[in-house]
Amino acid sequence: MSSTVVYDPSGVVTGGLPLDRGPHLFLAAAVLAWGPAPAGVRAADCALICLQLTGHAQCVAADLRHRYENLPAVSELRPLTRVVLREAVNRLSTGPATTVARVQNRARLVQALYQALDRLDTTQNPTPAT
């Protein structure tokens, strides 16, 4: 079996794909429920979980960035979204994590990115009044 790796820096191919929100938010919540030294979680486990959360955070940040760029210049959501995106760039620029605290930081980032995305979705696609 062979596989193909798609290099898509502009997001043309992956831009329209839906994010797999549920499993990643569940993983983030599970990681945040850990204590400071969870039993049975090795450094290698932390590294793999961190890679999973990092990759997903990058996808959510790209989607958020795309929606941010389409906001009107006078939108009240621009400053807050810009702060969340800047924080995402800062957190994602650090190297791989093998500690619980660093993995939990990635989990918080995934949650914050989804919260920002939800704010934009609510504003751009308001629920119709009944």
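Residue numbers start at 1 and run along the sequence shown. Since this is a predicted model, take the numbers as computed values, not measurements.
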Residue set satisfying side-chain hydrogen bond (donor to acceptor under 3.5 Å, both in side chains) with R42, at least two apart, ordered chain then number -> D45

From CA spacing to verdict: side-chain contact (heavy atoms from CB on, under 4.5 Å), V41, C46: CA-CA 7 Å; V41 179; C46 283; 3.6 Å; yes

Under the side chain to side chain contact (heavy atoms under 4.5 Å, CB included) test, which residues partner Q52, sequence neighbours left out? H24, L27

Between atom CG of L85 and atom CD of E69, what is the distance when rounded to the nearest 0.5 Å? 9.0 Å

Taking only residues two or more places apart in sequence, or in another chain, which ones meet T54 in a side-chain hydrogen bond (donor to acceptor under 3.5 Å, both in side chains)? R106

Residue pair S75 / Y68, side-chain heavy-atom distance below 4.5 Å: no

Nearest heavy-atom approach of L77 to L120 is CD1-CD2, 3.6 Å

Among all residues two or more places apart in sequence or in another chain, which pass the side-chain hydrogen bond (donor to acceptor under 3.5 Å, both in side chains) test with R91? E87, N105

L32: partners by side chain to side chain contact (heavy atoms under 4.5 Å, CB included), with sequence neighbours left out: Q104, A107, R108, Q111

Step by step, work out the side-chain hydrogen bond (donor to acceptor under 3.5 Å, both in side chains) result for Y114 and R21. CA-CA 8 Å; Y114 271 120; R21 175 186 289 236; 4.8 Å; no

Provide the closest heavy-atom pair for L117 versus V60 in the form atom of the first, atom of the second, distance. CD2-CG1, 4.1 Å

Please name all residues satisfying side chain to side chain contact (heavy atoms under 4.5 Å, CB included) with A116, sequence neighbours left out, ordered by chain then number. L64, V84, R119

For the residue pair L113 and A57, what are the closest heavy atoms and their distance? CD1-O, 3.4 Å

Nearest 0.5 Å, please: how far is CG in L80 from CD in Q115? 10.0 Å

Does any N or O in the side chain of D63 come within less than 3.5 Å of the main-chain N or O of C59, such that one atom is a donor and the other an acceptor? no

May I ask whether V103 and L48 are part of the same hydrophobic cluster, defined by side-chain heavy atoms of I, L, V, M, F, W, Y residues being less than 4.5 angstrom apart, directly or through others? no

